[in-house]
Structures are given as structure tokens and as C-alpha cells.
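In what follows, a single structure is set out as C-alpha cells and then discussed.
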Amino acid sequence: MKASRMMLRPATQRLVTEVYGNLDYAALGPVYCYEGGNEFWRAKRGPCDRLGSRVAAALRKKLGRGGRSLYVGAGVAELPALIMETVELSRTVEPYNLRKAEVAALNPACHSIPLTFHPADAANAKGRFDHLWIVSVLNDPERFPHLSPLSYGRSNPLTLDPLKFGKERRSVRALVARCMGKLARPGFVTTTTEEVLWIAEWCHRHRVPYRVGKHQYPTALVGDPICFIEIGKSGKRSGGSVRKSYGR
């Protein structure tokens with residue numbers, strides 16, 4: 001594979017680095033850390049740029065020009081992919097983030113790009129999309145404190161509250177249903193290997209064929225590997241590679 005296919009265009013990469021340079025990391029510190037926010041961003045800013053750009057270059061090969069992408073829970077780590085889609089593929093991107101403090105820090109840094117983060121639920125997005133980005137959302141420990149440990153294999157059977165877990169599981173299934181209902185077919189989903197099973201379950205319930213890509217890409221903040229899922233393409237067997245992708 002040519003190196004150019006694994007990298008963003010130089011002008012795009014400069015723009016990504018510029019946006020990261022414009023971010024108010026003092027404001028972002030409390031969003032991501034209870035304490036030590038300055039040290040956290042000194043360590044993570046470079047990897048966000050570098051690893052995020054690698055994911056963006058991989059995503060570029062999956063998407064067509066002029067489509068629409070819905071980003072659920074998009075934040076600092078999603079900037080390279082959002083910028084790539086906007087400037088290299090002329091796509092419409094709609095990033096949603098419920099953390100208003102993060103949105104307030106992101107939008108000013110993106111003033112030179114037609115890119116606006118929405119401080120709202122992604123379920124409010126209108127229309128259809130051919131790409132859904134939902135990364136480290138369905139296993140978010142802050143939003144789903146009883147479900148998340150089980151997703152990572154760290155649940156304690158002595159402390160697990162089945163009622164609270166059941167409630168969170170219903171919430172995740174409802175979120176997946178609302179977002180997947182907006183995805184055109186064929187389409188793509190970008191998610192983490194820990195979240196694949198939720199997308200796979202939805203596809204099985206609706207008899208929609210899907211295929212999980214074999215390649216995984218590391219992320220800078222959470223550390224969950226990212227993968228791509230092809231949705232609704234004829235000729236693909238349902239779940240053909242799912243066990244390889246998230247079975248442990």
C-alpha cells in the first residue's frame with residue numbers, strides 16, 4: 001500500500017495541527033479529568049493528532065465524496081476525521097456532543113473550517129447518513145457505569161446491580177436503534193471493537209447483512225481499537241467476521 005494512502009494530504013494535516021493548536025486545553029482539562037488536566041493534555045495532544053490522522057486516512061478509503069456523516073459523542077479525538085471528510089471529500093458532517101463545555105471549546109478552534117459541533121443528542125439529527133461514527137459512546141463509564149465494566153470484562157459479580165444494568169442496556173439498545181435508523185444502506189459504521197456487538201445485535205434483529213473489517217486502529221484517549229463495519233451491502237453474509245473482531 002502506498003504511503004500516501006496512509007496519510008492525509010499535507011494541507012489537511014497542517015489544518016488538523018492548526019486546530020489542535022487553537023484548542024483551549026485549560027477549558028478541556030476538567031471535561032476529561034477530575035484532576036491533572038494540564039498534564040493529561042500535554043501527553044495526549046500529540047497522539048490525538050498523529051493517531052487520529054491515521055484513522056482519518058483509513059476512513060477516507062471507505063467513504064465516497066459528497067455524502068453525509070453522523071458523529072455521535074464527537075470530541076477532540078474526532079477532529080482529524082471530521083476535518084478530512086470536510087476538506088478532502090467535500091462531505092457534510094454533523095458532530096453531536098452532550099458535553100456543552102467541550103463543544104464551547106471546540107467550535108472556536110474550528111472557525112476556519114465549515115465545521116460546527118452541536119451540544120445536543122444525535123437522535124435529533126435530521127435526514128439520512130451513509131456513515132455513522134459512534135466511538136467509545138456505548139461503553140462510556142460515566143453514562144453507563146454499570147454496563148461499561150462488563151463491556152471491558154472488569155465487572156464484579158458481587159457488586160453488579162442487575163436492575164441498573166438492565167436499565168442501561170435498554171438505553172444503549174435504544175440509542176443504537178435511533179442512530180442505526182438514520183443510516184442509509186449500504187453504509188458504514190465506525191466504532192470500537194468493544195461496541196461492535198451492539199451494532200451486530202441491531203443488524204441481526206433487523207436481518208441486515210454486515211461485515212466487520214479485519215483492521216483495527218489505536219486511539220489516543222480511551223485506547224479502544226477502532227474498526228469499520230460495512231452495513232447492508234448485498235452479497236455479504238451477516239456477521240461473517242464478527243467473532244474474529246471482538247471475540248476474546
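We number each residue from 1, following the sequence as shown. Quick caveat: nothing in here was measured; it's all calculated off a predicted structure.
With respect to Glu194, the side chain to side chain contact (heavy atoms under 4.5 Å, CB included) criterion is satisfied by exactly one of Val196, Thr192, Thr191: Thr192. Considering His131, Arg65, Arg60, Arg68 as possible partners of Glu85, the one that fulfils the side chain to side chain donor-acceptor pair (under 3.5 Å) test is His131.
Interatomic distance, Leu63 CG to Met84 CE, rounded to the nearest 0.5 Å: 6.0 Å. Taking CD1 from Ile199 and CD1 from Ile231, the interatomic distance works out to 7.0 Å, rounded to the nearest 0.5 Å.
For residues 218-228, the pairs satisfying side chain to side chain donor-acceptor pair (under 3.5 Å) are Ser136-Asp224, Tyr152-Asp224, with sequence neighbours left out. Listed by first and then second residue, the ring pair (Phe, Tyr, Trp, His ring centres under 6.0 Å) pairs involving residues 48-68 amount to none (not counting sequence neighbours).
Residues Ala101 and Val31 approach most closely at CB-CG2, 3.8 Å, considering heavy atoms.
Arg185 pairs by the side-chain contact (heavy atoms from CB on, under 4.5 Å) definition with Trp202, Val208, not counting sequence neighbours.
A cation-pi contact, defined as under 6.0 Å to the ring centre and within 45° of the axis, is absent between Arg99 and Phe117.
At least one donor-acceptor pair under 3.5 Å links the side chain of Tyr20 to the backbone N or O of Val76. At distances below 3.5 Å, not a single donor-acceptor pair connects side-chain atoms of Glu168 with backbone N or O atoms of Phe165. In this structure, Glu195 contributes its side chain and Leu138 its backbone to a donor-acceptor pair below 3.5 Å. With hydrogens and angles ignored, the 3.5 Å screen pairs a side-chain donor or acceptor of Arg128 with a backbone N or O of Gly181. With hydrogens and angles disregarded, a donor-acceptor distance shorter than 3.5 Å links the side chain of Asn97 to the backbone of Ala74. Although no hydrogens or angles enter the test, the distance criterion places a donor-acceptor pair under 3.5 Å between the side chain of Thr86 and the main chain of Leu82. Under a 3.5 Å cut-off, the side chain of Lys182 and the backbone N or O of Ala125 do form a donor-acceptor pair.
Salt-bridge annotation for Glu201 and Arg205: present, with a side-chain N of the basic residue lying under 4.0 Å from a carboxylate O of the acidic one.
Classification of the Tyr32-Phe40 ring pair by plane angle, with boundaries at 30° and 60°, yields parallel. Using a 30° and 60° split on the angle between ring planes, Trp133 and Tyr71 fall in the parallel class, below 30°.
Transitive grouping of hydrophobic side chains (ILVMFWY, heavy atoms separated by less than 4.5 Å) keeps Phe228 and Leu51 in distinct clusters.
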